[in-house]
Amino acid sequence: MRNIWTIAKREYNHYFISPIAYVVAFIILITLGIYFASIIGFYSRQALLSGGAQAPDITPINWLFVFLLVFTTPAITMRSLSDEARTGTLELLLTAPIRDYELVIGKWLGGFLFILSILAVTLIYPIILNSLVTPGIDQQLMMSSYLGVILAAAAFLALGVGISAIFTNQIAAFFSIFGLFFTLWFMMGLFSQLVQGSGAQFFEYLNISGHFTALNSGSFNLTDLVYFISLIALGLFTGTTAVEVRRWR
Amino acid sequence: MIQVNGLTKDYGARRAIDNLTFDAEQGEIVGFLGPNGAGKTTTMRVLTGYMPPTEGTATVAGYDIIEESLEVRKRVGYLPETVPLYNDMTALEYLKFMADLRRIPDAEARAYETLEGVNLKDRANSYIGTFSKGMRQRIGLAQALIHRPEVLILDEPTIGLDPAQVVEIRNVIREIGKDRTVLLSTHILTEAQQICDRVLIINKGKIVTEDTPENLQARLVGAQRVVLRVRGDSDGLTGKISKVKGVHTVDAKPDGSVEFEFGAGEDARPQVAKAVIQAGYDLLEMRPIGMSLEEIFLELTRDNAAGKKAS
């Protein structure tokens, strides 16, 4: 556990000196800010015109956050293990007294904490919303929505770190990670409409946006939880295996 | 401290090291000498737990490298050939990170102490990315030393350094080697000669020979070679020298000097000197030339027949 924390701490600190991480944080925060302002504007106009409106909630903001993660987490995780292999520092970590899975989990945790830090900044939105809406926003919906964001972010980062471990070139890692996320987010829903029966069910089960949307609309289901935890486990397992394979060749 | 038994490592169909057997005692500096691609780095990577061997066993500091890899890694300091540094960290941050990975209680104090040991304390807060090659090598060495390991494995520790830095690093290694086991690889023979207690010559994955640097040299020098220089023209000198009893061969060199060889045990130098002076030449210099380690090394690694002759 202490080894994981040592690795995670270094990874987390690394993001604060990495230009890519700043660009990612900037893109996410500016997009969400503009979107939030327009939502507030839209609902207040409605309230003024019709003397009352449906209360806005946080789910569109959180949906956009996760949508942006599809594009930004590949950039954040692409170098996590591939760059260690390229610069030779992987040799340092693999001859240090830590286990391979501790290294991979530490890398994942560092990136996850970085995304959580960005997410923490966006907590200002539900606070503002809560003050604008009477009698306050739906707490249960908000909890479920944030659980969805956290699980999706954890899954994206685990898969990203796992795939990064396979490559030495970070560009190759980026496109592989992005390709996977694109398939899971956009293509699975499409496939499930193209086929019938259990095939459709299968693709629907793999559809990451489906599972997130379920949580983001307040319906907490064990299947969604199992799905995301499976993705996290798969990502970390892939990463650990890839590191072990590196030792053998 | 290090015991290697029948160690073999294949990369696919290529055999990188072939049935290596050797050991190293505590307080011994063992040099691993060989041309590029001989299997030095592979051996070190196996011993440090970076990669498992295909066959064979080894124990380092009393622990099996396969079964107890983590225990071995705790007790070994390793400086890989490409010094593994994070350019975006300061020297102090980097060493503190390594100390944390090694679970050293007061990581920051130890990091400072180690920086002092490699003469980098004044650059503690500079980014490693701004360091010169020599400083990078030293911070790499600091990383290998931070947990005071029982065994130190250094892959080409002086490569790419300027002569002053080479001397400095060699002194550091010699100091460490007093009470710890050091295994270092090099292809610079004078280096092996200067700092190692024992040299293993490795070629094509096999140990060709193993001995102290002095013995290696003595063992291979059967005949004595002497270079001789006179003032002015040395024409006709070779004829005079070759007549002296005991002289086997005489060569006139293009620079005007003359080299001659005589058998061990029959020192022909006084006679040669007399002959030269009687012939009317002004003798300026007469100096024995030992076979250098370079020549021994080439001799041993040229082909396997030479290796067998030597061992």
Side-chain angles (χ1 to χ4, degrees), chain A residues 1-22 76 78-107 109-111 114 165 168 170 240-249, chain B residues 9-12 14 16 41-42 44-54 60 63 65-66 68-90 93-94 96-104 107 127-129 136 140 143-144 146-147 149 153 155:
Chain A
M1 199 55 216
R2 208 179 125 185
N3 292 338
I4 294 176
W5 185 239
T6 305
I7 299 284
K9 217 165 55 183
R10 134 118 197 117
E11 187 73 2
Y12 182 76
N13 288 332
H14 180 86
Y15 284 116
F16 286 93
I17 46 169
S18 141
I20 288 179
Y22 275 105
I76 285 202
M78 63 180 182
R79 49 145 289 282
S80 85
L81 279 156
S82 66
D83 215 40
E84 303 264 3
R86 188 182 61 81
T87 60
T89 44
L90 192 65
E91 195 164 351
L92 184 77
L93 299 172
L94 294 190
T95 54
I98 58 167
R99 292 179 173 82
D100 294 354
Y101 69 82
E102 291 175 326
L103 170 64
V104 175
I105 293 175
K107 284 278 175 185
L109 189 62
F114 178 70
T168 305
Q170 46 178 307
T240 308
T241 310
V243 168
E244 262 163 31
V245 167
R246 274 186 191 279
R247 286 184 185 276
W248 282 94
R249 39 172 210 218
Chain B
K9 173 77 191 176
D10 294 335
Y11 293 114
R14 196 173 70 80
T41 299
T42 303
M44 292 187 157
R45 284 181 164 176
V46 171
L47 291 180
T48 51
Y50 178 70
M51 48 167 69
T54 311
V60 175
Y63 291 92
I65 54 158
I66 306 163
E68 297 153 310
S69 179
L70 284 183
E71 295 302 316
V72 170
R73 289 187 239 162
K74 275 180 200 164
R75 289 163 179 81
V76 172
Y78 176 40
L79 174 64
E81 196 176 355
T82 41
V83 185
L85 300 174
Y86 295 106
N87 290 336
D88 51 49
M89 284 176 129
T90 67
E93 280 168 357
Y94 173 73
K96 211 174 148 285
F97 172 62
M98 291 315 294
D100 281 339
L101 276 183
R102 300 277 182 188
R103 303 197 173 196
I104 293 164
Y127 283 99
I128 293 175
R136 293 174 71 86
Q143 161 278 126
I146 193 148
H147 53 299
I153 296 185
D155 200 351

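A note on names: the letters A, B, ... follow the listed sequences, proteins ahead of strands, and every chain is numbered from 1. Computed over heavy atoms, backbone and side chain alike; hydrogens, waters and symmetry mates excluded.
When each of B:L101, B:V72, B:D10, B:N87 is checked for heavy-atom pairs under 4.5 Å with chain A, B:L101 comes out on top. In terms of non-hydrogen atom pairs under 4.5 Å with chain B, the most contact-rich of A:N3, A:T87, A:T89, A:L93 is A:T89. When B:G140, B:P80, B:A144, B:P84 are compared by the number of non-hydrogen pairs under 4.5 Å with chain A, B:P84 comes out ahead. Chosen from B:Q143, B:E81, B:R103, the residue pairing most often with chain A at heavy-atom distances under 4.5 Å is B:R103.
Residues of residues 95-102 of chain A that come within less than 4.5 angstrom of chain B, heavy atom to heavy atom, are A:T95, A:A96, A:P97, A:I98, A:R99 in numerical order. The stretch residues 10-18 of chain A places A:R10, A:H14, A:I17 near chain B, each with some heavy atom under 4.5 Å from a heavy atom of that chain.
Proximity to chain B is limited to the side chain of A:E84, based on heavy atoms less than 4.5 angstrom apart. Contacts between B:Y11 and chain A at a heavy-atom distance below 4.5 Å involve the side chain alone, from C-beta outward. Only the backbone of B:L85 comes within less than 4.5 Å of a heavy atom in chain A; its side chain stays farther off.
Looking at A:R247, its side chain does come within 3.5 Å of a backbone N or O of B:Y50 through a donor-acceptor pair.
The OH atom of B:Y78 sits 11.0 Å away from atom CG of A:L94, with the distance rounded to the nearest 0.5 Å.
Of all heavy-atom pairs between B:D100 and A:R2, the closest is O-NH2, 4.3 Å.
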